[in-house]
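Chain letters run A, B, ... following the sequence lines, proteins first and then strands; every chain starts at 1.
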Protein chains: 2
Amino acid sequence: MEEFAALSGVSRPTLSKYFNDPNSVRQSTRSKIEMALERHDYRPNIFAINQNRKMTKNIGIVVPFLADPFFAEIARVIERRCIDAGFWPILFSSHGEQKLENEILNSLRSLKPAGVLLAPLGRGSDHSTVEQFCRDVPTVLFDSNIEGLGAAFVGSDNFQSVPLMVEYLCRTGEPPCLLETQPVNPNANKRRNAYKQAMEQRGLEPHIVRLDGSDWNFEDIGYDGGLRVIRNQKLPTNTVLCSNDRLAIGFMSACLEMGIRVGRSSECSLRVAGHDDHPFAKFTCPPLTTIAQDYAAISERSVETLFLLVEGGLSGTRSETLFEGKLVMRASA
Amino acid sequence: MEEFAALSGVSRPTLSKYFNDPNSVRQSTRSKIEMALERHDYRPNIFAINQNRKMTKNIGIVVPFLADPFFAEIARVIERRCIDAGFWPILFSSHGEQKLENEILNSLRSLKPAGVLLAPLGRGSDHSTVEQFCRDVPTVLFDSNIEGLGAAFVGSDNFQSVPLMVEYLCRTGEPPCLLETQPVNPNANKRRNAYKQAMEQRGLEPHIVRLDGSDWNFEDIGYDGGLRVIRNQKLPTNTVLCSNDRLAIGFMSACLEMGIRVGRSSECSLRVAGHDDHPFAKFTCPPLTTIAQDYAAISERSVETLFLLVEGGLSGTRSETLFEGKLVMRASA
DNA sequence: AATAAAACTTTACGCGCGTAAGTTTTATGT
DNA sequence: ACATAAAACTTACGCGCGTAAAGTTTTATT
């Protein structure tokens with residue numbers, strides 16, 4: 001930096017000022033620097049910059065499982081928004097492991113991020129680690145809520161979306177049973193409770209089919225468990241509401257293999273619905289009827305909320321923003 | 001660090017030595033530190049560590065488009081391997097943009113990574129930036145090759161896999177046409193050439209259907225283009241080999257919408273095949289016949305090669321490792 | 001018990017930059 | 001032309017840690 005300052009004919013502190021905000025120096029000085037910049041291509045070291053700044057332009061993004069296209073897509077949108085706003089997003093995946101989530105949060109601390117967007121593991125999170133982290137770093141939770149942690153939460157309203165689907169399924173055929181795995185996060189629990197409530201409000205008995213498996217390989221769980229459930233004739237109804245789309249995708253694959261025709265048309269014997277409108281839900285066999293989570297809105301609002309928080313424009317009270325899901329009718333139910 | 005050194009009863013340099021390699025200090029010293037560690041939970045600042053070390057434990061991973069499940073899955077495996085080997089992976093997505101790829105590479109430099117695993121944009125890469133980067137940082141390219149750049153390349157052998165598929169399709173029905181988009185990377189070009197070669201070797205005329213679109217939204221391109229091609233009756237044969245699975249997924253969705261039955265059974269009028277064995281290929285409608293790229297092998301070998309390179313155990317000559325694809329027969333062709 | 005080797009401590013400097021304080025130069029108004 | 005404020009300069013220190021050099025203590029060897 002010293003060298004480059006000499007080359008451009010300004011002092012190092014002025015150069016530092018320029019990189020922090022090009023408009024903060026005189027026009028003549030600015031052009032001197034930018035001319036030298038063209039010839040020598042110098043760039044300040046991002047991680048040294050942050051060494052001594054109170055607030056950096058780094059934004060941490062932590063998701064529980066990046067190989068899940070839902071999170072991949074959300075992460076993509078969030079990264080773009082951050083970049084466009086002049087921030088530097090750094091993306092981490094917990095790979096479904098508490099230990100990794102903890103390590104990521106601890107490392108994130110030393111990055112001195114301006115803020116962090118965290119989709120926690122949920123049930124699998126280490127509450128005290130997350131709590132401590134949220135105290136130290138401006139954090140907005142999304143997708144998966146942990147009561148009281150973070151400055152805000154942005155997600156979707158399972159108690160609106162699940163009843164919506166239950167209503168639709170009941171109106172158009174047999175009432176659904178709920179297919180779920182061991183819940184990995186609060187959403188799964190909420191969806192189960194919302195399902196129960198919705199059924200009971202209709203005077204119907206809820207049926208819950210629990211598949212083995214406690215990791216994030218939902219397709220496999222849905223497939224393996226689906227085979228077992230079908231073979232053992234354990235399906236209480238001819239309508240199956242899956243706790244999420246990935247589970248539904250795996251389950252429908254099992255149906256296909258067992259020769260069960262899935263769909264709402266008359267020649268089909270089973271209806272399957274999902275939740276989330278997973279990026280590949282419209283390409284499944286048959287295309288999956290599901291609840292669309294508003295990806296764009298959740299991403300946008302999360303980022304906006306974080307920016308507000310970073311700029312200090314957020315009141316002390318923790319806000320929870322829930323977006324409504326929309327019914328997406330396709331061929332499967 | 002000073003404080004914590006005092007707390008554990010050792011000097012700061014010794015503490016530094018411990019964190020660099022816990023085995024490099026005497027057992028008694030080590031336990032002193034680790035006892036203090038339990039009570040006070042101190043962690044060195046990763047990005048300050050790298051400030052003054054010749055070699056860090058950081059490994060950069062750069063993929064062109066992380067919302068593509070293929071890359072999401074490969075990134076997942078690579079991250080795991082790095083973590084298990086005691087490295088600290090940092091993941092970046094270029095979002096299909098040259099400008100971002102350049103920025104990522106330049107920022108990566110200041111991270112002083114021990115090595116970088118780079119799946120370049122390919123055609124969209126800025127050759128001189130990548131070249132300069134590879135000179136400065138130990139880099140292994142994967143998935144998409146750029147002649148001469150990086151210390152090694154690991155990918156799959158399109159000139160083996162595509163002919164394999166062509167052979168299968170010819171043997172079991174009408175010879176295929178090739179459905180492609182504007183090629184975003186070298187693989188697309190290689191696949192086209194491999195297709196041409198394979199057809200010509202059989203004395204057949206190659207037919208190439210090019211769809212509009214030059215970004216990474218292959219499903220959309222396959223769907224929109226598919227609708228157009230089908231409406232205009234521009235399909236030269238009843239067998240379509242898609243340049244990659246995502247394209248095939250979109251295309252099949254268009255077929256479904258147009259009421260065209262896809263599959264190899266007698267009541268179907270169109271066969272569709274893909275390439276890659278995308279994580280969702282087996283869940284499509286109908287399940288997609290495709291070529292399985294050996295995800296695991298590519299990830300493993302990339303990481304292994306990089307580790308060798310980092311440890312200096314690699315000769316000067318640039319190596320190219322190509323894995324063979326395997327035919328995965330499903331219902332679509 | 002003597003000796004060498006290993007491990008530790010103290011001291012000091014450096015990484016690439018931010019930033020504050022005090023001083024000098026430059027642009028603006030009159 | 002001079003006064004004044006804004007901008008730039010010089011100087012100095014700090015971030016959190018790595019690391020080299022020199023001296024001191026501990027451990028292993030004979």
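- The distance between atom CD1 of A:Ile49 and atom C1' of C:dC15, rounded to the nearest whole Å, is 14 Å.
- Side chain of A:Glu101 to backbone of A:Ser94: no donor-acceptor contact under 3.5 angstrom is found.
- In this structure, B:Glu2 atom CD and C:dA12 atom C1' are separated by 12 Å, rounded to whole Å.
- Side-chain nitrogen and oxygen atoms of A:Asn20 include none within less than 4.0 Å of the OP1 or OP2 phosphate oxygen of C:dC17.
- For B:Arg318 (side chain) and B:Gly150 (main-chain N/O), a donor-acceptor pair under 3.5 Å exists by modelled atom type.
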With ring-ring contact (aromatic ring centres under 6.0 Å, His included) as the test, would you mind laying out the steps for B:Tyr295 and B:Phe70 before giving the verdict?
CA-CA 8 Å; B:Tyr295 286 48; B:Phe70 171 79; 4.9 Å; yes
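- Distance CG (B:Asp21) to C1' (D:dG18): 15 Å, rounded to an integer number of Å.
- Between A:Asn45 atom CG and D:dC15 atom P there is a gap of 18 Å when expressed in whole angstrom units.
- The side-chain contact (heavy atoms from CB on, under 4.5 Å) check on A:Pro138 picks up A:Leu309, with sequence neighbours excluded.
- Atom P of nucleotide C:dG16 and atom CG of B:Asn106 are separated by 16 Å, given to the nearest angstrom.
- A:Arg109 has its CZ atom 18 Å from the C1' atom of D:dC15, to the nearest Å.
- Residues A:Thr14 and A:Ser11 have side chains that bring a donor and an acceptor to within less than 3.5 angstrom of each other.
- Here A:Tyr42 lies in heavy-atom contact (under 4.0 Å) with sugar-phosphate atoms only.
- For the residue pair B:Tyr42 / B:Glu3, no side-chain donor-acceptor distance below 3.5 Å is found, with atom types taken as modelled.
- Contact of the A:Val137 side chain with the A:Pro113 side chain is registered, since non-hydrogen atoms from C-beta on lie closer than 4.5 Å.
- One atom, CZ of A:Phe19, and another, P of C:dT19, lie 15 Å apart when rounded to the nearest Å.
- In this structure, A:Asp143 and A:Ile298 have side chains that are not in contact, with every pair of non-hydrogen atoms separated by 4.5 Å or more.
- In this entry the distance linking NZ of B:Lys112 with P of D:dC17 reads 15 Å, nearest Å.
- Judged purely by distance below 3.5 Å, without hydrogens or angles, the side chains of A:Arg123 and A:Asn189 never pair a donor atom with an acceptor atom.
- Helical stems in DNA chain C, defined as runs of 3 or more consecutive Watson-Crick or G-U wobble pairs with both donor-acceptor distances under 3.5 Å, are listed by first residue as C:2-29 with D:2-29.
- Minimum atom distance to the side chain of A:Ser16 is reached by C:dG18, of the listed D:dG18, C:dG16, C:dG18.
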Heavy-atom protein contacts under 4.0 Å, nucleotides 6-11 of chain C, coded B base, S sugar-phosphate only, - none
-SSBBB
